[in-house]
Every structure is written in C-alpha cells, then in structure tokens.
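So you know, we letter chains A, B, ... as the sequences are listed, proteins then strands, and number each from 1. In this text the structure is predicted, and so the values were computed from the model without any measurement.
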2 protein chains.
Amino acid sequence: MRQERVEEYLGAVYRLRSDADTPLPLAQLAEYFGFSPVSVHEMVQKLEEGGWVQYHPYRGVTLTEAGTDAALALLRRHRLWERFLSDVLSLPWDEAHTVAGDLEHAAPEAVTERLSAFLGEPEACPHGGPIAPQATSALEQCLRSLGVGAEARVTRIAPEAPDLLRRIAQLSLMPGSLVKIVAQTAEATGVALLAEGGRQAVVPAADARAVWMEIV
Amino acid sequence: MRQERVEEYLGAVYRLRSDADTPLPLAQLAEYFGFSPVSVHEMVQKLEEGGWVQYHPYRGVTLTEAGTDAALALLRRHRLWERFLSDVLSLPWDEAHTVAGDLEHAAPEAVTERLSAFLGEPEACPHGGPIAPQATSALEQCLRSLGVGAEARVTRIAPEAPDLLRRIAQLSLMPGSLVKIVAQTAEATGVALLAEGGRQAVVPAADARAVWMEIV
DNA sequence: ACAGTTTATAAGGTATACCTTATAATCCAC
DNA sequence: GTGGATTATAAGGTATACCTTATAAACTGT
Ligand SMILES: [Mn+2]
Ligand SMILES: [Mn+2]
Ligand SMILES: [Mn+2]
Ligand SMILES: [Mn+2]
C-alpha cells in the first residue's frame with residue numbers, strides 16, 4: 001500500500017464516521033471517494049492486514065489505535081497547511097482546502113511541529129476544524145436543526161467541499177459569524193432564512209447542514 | 001504518465017545535462033535514479049510522445065521547450081520551498097532539500113507566486129541555486145579546480161545530495177563564505193586545504209567538486 | 001419466514017511504472 | 001575494418017490500485 005493511499009482512506013474514515021465505535025459502512029466510503037464498493041472492500045482488507053482498521057462484516061470499518069493516530073496526524077497537517085495557505089499566502093479558503101489536500105502528505109513530523117510554531121500554535125483551521133486533536137464540542141448543532149429565533153455563532157464548516165465553501169464564503173458565514181434565524185422554509189426541500197449583523201441571507205437546506213453552530 | 005513522474009524526469013534531465021543542446025545519455029539518467037536503463041528508455045519514449053523531450057538514439061535526451069518550461073517551473077518551486085523550510089521553519093539545509101523534493105509537486109502556480117512574494121522574491125535557494133530561472137554565471141568554477149593561493153566566494157553547492165550537504169555545512173562552506181586555498185594534496189585521491197576567516201578545513205576531493213565558487 | 005435489498009466474494013481486466021533476461025543494432029577505438 | 005563496449009529493443013514479469021460482471025451470503029422489514 002502506498003502511504004498516500006493509506007492516509008486518504010484513514011482520513012476519510014475519520015471524517016465520515018459518526019463516533020469512534022460505530023463502524024462506517026463501506027458504501028459511504030465508496031460514495032465519498034467515487035470508487036466502486038468492490039474496490040473499497042479490497043482496500044479495506046489491505047488496511048486491516050496493515051493494522052490500520054478493523055473490519056466488521058456487513059457493518060463497516062472502525063479505526064484501530066494506529067489508524068486513529070495516523071488519521072489525526074494527517075488532519076493536523078491538513079489544517080496547519082490550510083492556515084498557512086489562508087493566513088500567510090491569502091489563498092481563498094476553498095483553494096486552501098484543496099491544496100492542503102496535497103501538502104498534507106508531504107510534511108514529516110518535524111516540519112509539522114515547526115509549521116505549527118510559526119503559525120502561533122493555532123487551534124482551528126480556517127473552516128473551524130480543530131488542530132489540536134480533541135473531541136468536537138458536544139454543543140455544536142448544525143444550522144439546519146436550529147429553530148426560528150435562535151441566536152448562534154458559526155464554529156465550523158464540515159464537510160469541506162470546495163464549492164460548498166465558496167457558497168458559504170459568499171454568505172459571509174465563516175467561523176465566528178454571529179447569526180439569528182429569522183425564518184425557515186418548508187421541510188426537506190426548504191431553506192433557512194437568517195439575519196447577520198443587519199444583512200440577510202438565505203441558506204439552502206443542503207448547505208445549512210454543513211454549517212455548525214454554538215448557541216449564544 | 002503520472003504528473004509527478006514526468007516532473008522528476010524532466011527535473012533530472014535539466015539538472016544533469018551539461019548544456020541545452022548536448023543530449024543527456026540515458027545511462028546517466030538511469031544511474032541518477034537507480035533505475036534500469038531499460039526502464040528509463042521506456043519512460044523516455046513516453047516522455048517523447050508527450051512532447052516533453054526529444055530522444056536522439058545512441059546519444060540521449062534533450063528537453064523540448066515545453067519540457068524546459070516544466071523543469072524550470074519545478075526547480076523554482078523546489079527552491080522556493082527550500083527557502084521557506086530553511087528560512088522560516090529553520091530546517092537544516094539537507095532536510096530542506098529532501099522535504100522540498102516532495103512539496104515541489106504539490107503547489108499550483110498561484111501558490112508558488114504568493115510563496116515567492118511572501119519570501120521577498122528570493123534569488124537563490126539555500127544552496128545557491130537560482131530561483132528566477134537564468135543562466136548559471138559563467139564565472140563559476142568548482143573548488144576542486146582552483147589553484148593554491150586563489151581567493152574565492154562560495155556561490156553554490158551542486159548537486160544537492162543530502163549527505164554531501166551535511167558535510168559541507170559542517171565545514172561552514174555555505175554560499176557567501178569567503179575562502180582562500182592554502183594547500184592542495186596530490187591528484188585524484190587528494191583533498192584541497194583551505195583557510196576561511198581564520199579557520200582551516202580539509203575538503204575531500206569528491207566534495208570539492210560540488211562546491212562552486214566565484215573568484216574575488 | 002421469506003422476499004428484497006444490501007453486502008461480500010470470486011474472477012478477470014486496465015494502466016502505470018518499475019523489473020530481468022536476452023538479443024540485436026550501433027558506435028568507437030585501435 | 002573489426003571486436004568489444006554501449007545502447008536499443010523485444011518479451012515477459014511484478015506490485016499497486018482502480019475497474020466490471022457475476023454470484024453468493026447475510027441482513028431486514030413485513
Ligand atoms: Mn490528501
Ligand atoms: Mn479546513
Ligand atoms: Mn520531487
Ligand atoms: Mn537547493
């Protein structure tokens with residue numbers, strides 16, 4: 001197995017899983033990568049042989065300790081590069097995410113640590129993802145799930161799909177933004193309406209599911 | 001052909017060739033990579049189909065214009081990352097070279113330009129390699145070729161082999177160092193002796209061939 | 001409890017980029 | 001101009017990581 005492939009799989013498992021013990025169905029991994037389920041199954045078997053994941057037939061994969069460590073290290077590198085690209089080189093945040101997706105595989109531990117120090121030991125990526133690997137705050141709720149009248153602060157955008165990031169940026173909904181839900185459209189197909197610092201914006205339901213908030 | 005492989009070959013051709021029109025023998029490429037000549041031959045044929053090189057049977061390869069452009073762009077990225085790793089993250093210069101060998105493939109044009117701006121548009125890598133692609137100064141001579149009594153300034157270390165770089169660093173022979181040749185040992189197996197700012201050092205003949213200087 | 005869906009496994013295929021062994025063509029130095 | 005070294009080419013092989021098609025097994029809801 002090539003190192004980069006291993007990392008991509010472990011990173012994906014970490015990002016997509018709901019919690020550490022609930023196995024992630026291979027179908028979800030396949031869909032995430034756009035690979036056939038058969039290919040993902042093959043790769044997962046190799047990952048299990050390598051001691052990175054545990055495979056639970058008919059249920060999915062969980063990360064072993066080694067797998068979790070590797071995934072966390074990857075995510076940390078990813079987010080540090082994102083900060084560098086975004087803060088130091090002023091790259092748009094969707095491009096920062098994309099480029100970091102390559103750089104993340106090419107920085108040994110020593111470089112990562114020095115990069116973190118240079119950046120001032122940041123705590124989150126430009127999209128709100130934690131850099132010091134810690135549990136996601138249990139207080140986070142997605143924008144979609146908030147009711148009319150709620151006031152909340154954006155903590156994070158996840159998942160970090162480039163086109164989604166571009167739309168979110170246009171609405172100025174970056175982490176830190178304070179927001180009040182002023183209206184809500186009908187059910188599944190609906191959108192959420194909200195006002196922020198005077199301005200108003202309409203967030204499509206699908207996008208609202210990727211915006212995570214903390215009620216204030 | 002995968003982009004990274006193409007880049008590695010073009011970069012190697014550029015670094016190893018003596019001048020633009022003299023073809024580089026495949027044997028030298030094979031030796032550089034540690035690949036079999038047959039494999040290199042196969043790859044060179046694909047590179048020719050791709051329009052990156054021209055192959056002159058029994059003589060070697062030359063870069064096409066597209067190939068030269070790609071090689072120069074790669075070298076530029078390589079050297080900018082070296083400067084970043086060395087200046088900003090304080091990595092030892094041999095490690096900077098090694099890590100840059102990976103990062104160089106993962107930075108799109110836009111990132112490269114911003115990186116260069118952030119670094120203050122540097123003109124050379126930590127080992128003296130030019131960043132703005134220009135002809136190497138014709139005044140450069142290698143340390144090995146200088147006679148006793150000559151006074152010169154180090155301009156560059158090439159090739160950038162990590163262990164060579166470590167030895168050179170220990171002798172404090174980085175680009176900029178001023179040096180006077182005070183003695184020279186016998187022929188091929190010999191070493192060159194020199195004094196620098198009071199200190200004295202003995203440079204093995206093989207290493208002296210990689211230290212390029214400008215007579216002052 | 002069984003039908004229908006989901007998941008697993010078997011079998012064979014592709015492309016990339018490396019390998020070895022063997023033979024053929026060419027070059028070069030004497 | 002020929003013989004020994006270099007270089008080219010042919011043929012077949014490996015590993016990785018993806019693919020499709022087809023069949024089998026297990027799960028799940030009614
Ligand atoms: Mn990646
Ligand atoms: Mn991010
Ligand atoms: Mn490289
Ligand atoms: Mn360099």
Side-chain angles (χ1 to χ4, degrees), chain A residues 1-18 21-63 67 70-71 74 101-102 104-106, chain B residues 1-18 21-63 67 70-71 74 101-102 104-106:
Chain A
M1 289 176 287
R2 301 211 334 269
Q3 180 61 17
E4 193 184 314
R5 295 286 72 207
V6 172
E7 288 181 345
E8 293 294 13
Y9 272 85
L10 299 179
V13 172
Y14 190 93
R15 290 172 211 247
L16 296 177
R17 73 182 182 172
S18 35
D21 328 281
T22 310
L24 177 76
L26 299 203
Q28 263 170 267
L29 257 188
E31 133 113 274
Y32 173 80
F33 283 122
F35 294 161
S36 79
V38 179
S39 296
V40 171
H41 185 256
E42 283 172 356
M43 196 60 188
V44 160
Q45 292 196 316
K46 290 185 209 156
L47 289 171
E48 182 162 49
E49 274 176 34
W52 302 108
V53 303
Q54 213 194 319
Y55 176 48
H56 313 271
Y58 292 98
R59 307 188 46 232
V61 273
T62 48
L63 295 170
L74 178 76
D102 288 336
E104 65 189 359
H105 306 288
Chain B
M1 291 176 288
R2 299 204 345 260
Q3 180 61 18
E4 192 185 316
R5 295 288 70 208
V6 172
E7 288 181 343
E8 293 295 12
Y9 272 86
L10 299 179
V13 172
Y14 190 93
R15 290 173 211 247
L16 295 177
R17 72 182 185 173
S18 35
D21 328 281
T22 310
L24 177 76
L26 299 204
Q28 263 170 267
L29 257 188
E31 133 115 274
Y32 174 79
F33 283 122
F35 294 161
S36 79
V38 180
S39 297
V40 170
H41 186 257
E42 283 173 355
M43 196 60 187
V44 161
Q45 292 196 315
K46 290 185 211 158
L47 289 172
E48 182 161 49
E49 274 176 35
W52 302 108
V53 304
Q54 212 194 317
Y55 176 49
H56 313 272
Y58 292 98
R59 309 188 45 232
V61 271
T62 48
L63 295 170
L74 178 75
D102 288 336
E104 66 190 1
H105 307 287

Within residues 32-54 of chain B, find the residues that approach DNA chain D with a heavy atom at under 4.0 Å, and present them sorted by residue number.
-> B/Val38, B/His41, B/Gln45

Value for CD (B/Glu8) from CZ (B/Arg2), rounded to nearest 0.5 Å, stands at 10.5 Å

Tell me, do B/Arg17 and B/Gln28 make a side-chain contact under 4.5 Å, heavy atoms counted?
-> no

Distance from A/Leu29 atom CG to A/Leu16 atom CG, nearest 0.5 Å?
-> 6.0 Å

Going 5' to 3' on DNA chain D, which nucleotide is the first and which the last to come under 4.0 Å of a heavy atom in chain A?
-> D/dT16 to D/dC27

What residues, two or more places apart in sequence or in another chain, satisfy side chain to side chain contact (heavy atoms under 4.5 Å, CB included) together with A/Glu42?
-> A/Val38

A/Tyr55: partners by ring-ring contact (aromatic ring centres under 6.0 Å, His included), with sequence neighbours left out | A/His41

B/Pro23: partners by side chain to side chain contact (heavy atoms under 4.5 Å, CB included), with sequence neighbours left out | B/His56, B/Arg59, B/Thr62

Does some side-chain heavy atom of B/Leu10 sit less than 4.5 Å from a side-chain heavy atom of B/Leu74?
-> no

Below 4.5 Å, heavy atoms only, C-beta onward: do A/Tyr32 and A/Arg15 meet side chain to side chain?
-> yes

Close N or O pairs between protein and nucleotides 25-27 of chain C (under 3.5 Å):
unit_1, atom_1, unit_2, atom_2, d
C/dA25, N3, B/Tyr58, OH, 3.4
C/dT26, O4', B/Tyr58, OH, 3.0

Partners of A/Phe35 by ring-ring contact (aromatic ring centres under 6.0 Å, His included), sequence neighbours excluded?
-> A/Phe33

Sorted by chain and residue number, the side chain to side chain donor-acceptor pair (under 3.5 Å) partners of A/Glu7 (sequence neighbours excluded) come out as A/Gln3, A/Arg77, A/His105

